[in-house]
Amino acid sequence: MHTFNKLALAVGVSAMMAFSAPAMAAVDLSAETRAYREFVIGQIDELEKGTRQFAEALRAGNVAEAKRLYPRIRMYYERSEPIAESFGDLDPRIDAREADLEKDQIWMGFHKIEKILWTQNTTKGTEETAKKLLDDIKELRAKVPTVEVTGELMVQGAVDLLNEVSTTKITGEEEIFSRTDLYDFRANIEGAEKIFELLKPKLKEKDAKLVQTLEQRFAAVNALLDRYKVGEQDYKPYTDLSEADTRQLAEAVNKLGEPLAQMGVLLAP
């Protein structure tokens, strides 16, 4: 129903052409990369803490609490994906969707628990998966500090976060059982915006107009997402949005992705 891949093609194309590693190496981004590493470590710390609470709710048979925690905890992972997804063996164990499973692949992680919670309205059958999920997130936390964070990783990561929203998550395929997709959208946008904020001082020296454009377009996307908030931290089910709503959101994300991809070019000497 919600398919807007054509709207988002420009983001992926721009991302491939926007910058090169030599261009990024010409600018001293040591302070920015250190700050980004610390940001991601902080997010994964919160992910581990939240997953522990999630596992406790599942063990206690508290369906309502597990459902409340599920989308909020996942936001820490979604914000951190430029680094968190870099471990090819861990990401499928933590975040694989049922539709993406390969033949004979054992399904585990958040989405397996999501399916049980929302289709069966029970925590039965989730305990072992939750235990393994927590173990995998602990392993992720141990590995994150070993990643070499570069300016290229940050710029590409920001573009990839936007591209993920506009080309796949906009279709509603991420949270097909819980319909908590808007939490993921917001977290991806926040992850990209964090990278922009860290790079903004040096971007402003190169092109103040680009910075202004990005500020305006982040604000536009955030304002659209705010329409669907329920209280301070929660969001409406994705199925509450009309096709016109999702089209408008896809277009706003796509408009943001185009100038975001230019960050790499503007950091060249």
Side-chain angles (χ1 to χ4, degrees), residues 1-3 43-44 46-81 84-85 87 89-141 164-165 168-188 225 228-243 245-246 249:
M1 294 288 292
H2 303 293
T3 52
Q43 292 294 301
I44 302 303
E46 291 299 320
L47 175 67
E48 182 180 340
K49 178 182 175 182
T51 302
R52 194 180 305 277
Q53 295 171 342
F54 185 50
E56 289 172 358
L58 293 169
R59 280 197 300 272
N62 193 335
V63 173
E65 179 66 2
K67 286 182 175 181
R68 186 188 73 84
L69 289 171
Y70 170 81
R72 296 183 182 192
I73 294 164
R74 281 186 45 74
M75 291 179 80
Y76 297 114
Y77 190 79
E78 295 290 334
R79 293 187 193 102
S80 308
E81 282 182 328
E85 285 188 339
F87 306 103
D89 56 335
L90 274 174
D91 182 59
R93 281 159 32 198
I94 293 171
D95 201 36
R97 297 174 306 145
E98 187 175 29
D100 293 335
L101 296 178
E102 298 179 2
K103 185 179 180 181
D104 300 323
Q105 180 180 346
I106 297 173
W107 192 23
M108 56 186 72
F110 277 116
H111 292 301
K112 182 177 181 180
I113 297 171
E114 176 205 6
K115 182 177 183 179
I116 294 171
L117 281 173
W118 269 272
T119 64
Q120 300 178 33
N121 201 41
T122 184
T123 66
K124 291 179 181 179
T126 64
E127 289 188 21
E128 188 60 34
T129 303
K131 181 179 182 298
K132 184 65 172 69
L133 175 62
L134 182 57
D135 288 342
D136 287 337
I137 287 170
K138 289 177 180 178
E139 183 179 342
L140 175 65
R141 173 60 180 85
E164 188 169 326
V165 173
T168 59
K169 289 180 180 174
I170 199 71
T171 67
E173 65 186 44
E174 182 76 7
E175 308 287 355
I176 62 172
F177 307 109
S178 64
R179 311 317 306 165
T180 56
D181 305 79
L182 290 172
Y183 293 82
D184 293 352
F185 287 14
R186 175 72 85 179
N188 284 158
L225 288 171
Y228 311 114
K229 290 189 77 172
V230 179
E232 290 298 316
Q233 294 183 317
D234 293 309
Y235 292 86
K236 293 180 179 180
Y238 194 51
T239 45
D240 283 4
L241 276 65
S242 68
E243 188 162 333
D245 291 334
T246 54
L249 187 55

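Computed over heavy atoms, backbone and side chain alike; hydrogens, waters and symmetry mates excluded.
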Do other residues, nucleotides or ligands put more than 12 heavy atoms under 6.0 Å from K229 NZ? yes

Would D181 and R179 pass as an ion pair if we require N to O under 4.0 Å? yes

Please round to the nearest 0.5 Å and tell me the distance separating atom CZ of R93 and atom CZ of F110. 13.5 Å

Given D89 and E139, is the side chain to side chain contact (heavy atoms under 4.5 Å, CB included) satisfied, shown in steps? CA-CA 11 Å; D89 56 335; E139 183 179 342; 4.3 Å; yes

For residues I116 and K124, report the shortest heavy-atom separation together with the two atoms involved. CG2-O, 3.6 Å

Taking the six-membered ring for Trp, is the centroid-to-centroid distance between F185 and Y238 below 6.0 Å? yes

Between K132 and D135, is the closest basic N to carboxylate O distance under 4.0 Å? no

Heavy-atom pair of closest approach, residues S80 and Y76: OG-O, 2.8 Å

Strictly distance-based, threshold 3.5 Å: is any side-chain N or O of N188 a donor or acceptor partner for the main-chain N or O of E78? yes

Which atom names give the shortest non-hydrogen contact between H111 and E114, and what distance separates them? ND1-OE1, 2.9 Å

Within the 3.5 Å criterion, strictly below it, is a donor on E175 or Y70 matched to an acceptor on the partner's side chain? yes

Is there a donor-acceptor pair closer than 3.5 Å between any side-chain N or O of E48 and the backbone N or O of R141? no

Taken to the nearest 0.5 Å, the spacing of I170 CD1 from E164 CD works out to 12.0 Å

Roughly how far, to the nearest 0.5 Å, is the CD1 atom of I113 from the CZ atom of F54? 4.5 Å

Rounded to the nearest 0.5 Å, what separation is found between the CG atom of L182 and the CG atom of L249? 7.5 Å

Looking at residues at least two apart in the chain, or sitting in another chain, which of them share a side chain to side chain donor-acceptor pair (under 3.5 Å) with E65? R68

Heavy-atom check, side chain of L241 versus side chain of Y228, under 4.5 Å: yes

Mark yes when over 12 heavy atoms from residues, nucleotides or ligands other than E102 sit less than 6.0 Å from its CD; otherwise mark no. no

Residues passing the side chain to side chain donor-acceptor pair (under 3.5 Å) test with D234, sequence neighbours excluded, are R72, Y183

Would N121 and V63 count as a side chain to side chain contact (heavy atoms under 4.5 Å, CB included) if you check the C-alpha gap in whole Å, the side-chain angles of each, and the deciding distance to 0.1 Å? CA-CA 7 Å; N121 201 41; V63 173; 3.4 Å; yes

If you apply the rule side chain to side chain contact (heavy atoms under 4.5 Å, CB included), what do you find for L140 with Y77, and how did you get there? CA-CA 10 Å; L140 175 65; Y77 190 79; 3.9 Å; yes

In short, L58 meets A130 closest at the heavy-atom pair CD1-CB, 3.7 Å

If you round to the nearest 0.5 Å, how far is CG of L47 from CZ of R79? 10.5 Å

In this structure, which one of T51, D95, T180 forms a side-chain hydrogen bond (donor to acceptor under 3.5 Å, both in side chains) with R74? D95

For a quick test of reading the model, state the closest non-hydrogen atom pair linking T123 to A57 and the distance between them. CG2-O, 4.5 Å

First locate atom CD of Q120, then atom OG1 of T126, and finally report the distance between them rounded to the nearest 0.5 Å. 10.0 Å

Before you tell me yes or no, could you show the steps for L133 and M108 under side chain to side chain contact (heavy atoms under 4.5 Å, CB included), namely the whole-Å CA-CA distance, both residues' side-chain angles and the distance that decides it to 0.1 Å? CA-CA 7 Å; L133 175 62; M108 56 186 72; over 6 Å; no

Locate the shortest heavy-atom distance separating Q105 from D100; write the atom from each residue and the value. OE1-O, 4.3 Å

Only counting residues at least two apart or in another chain, list the ones meeting salt bridge (Lys or Arg N to Asp or Glu O under 4.0 Å) with K115. E98

Say whether E173 and T171, considering side chains only, have a donor N or O and an acceptor N or O under 3.5 Å apart. yes

Quick check against the 3.5 Å criterion: does W107 have a side-chain atom that pairs as donor or acceptor with the backbone of A96? yes

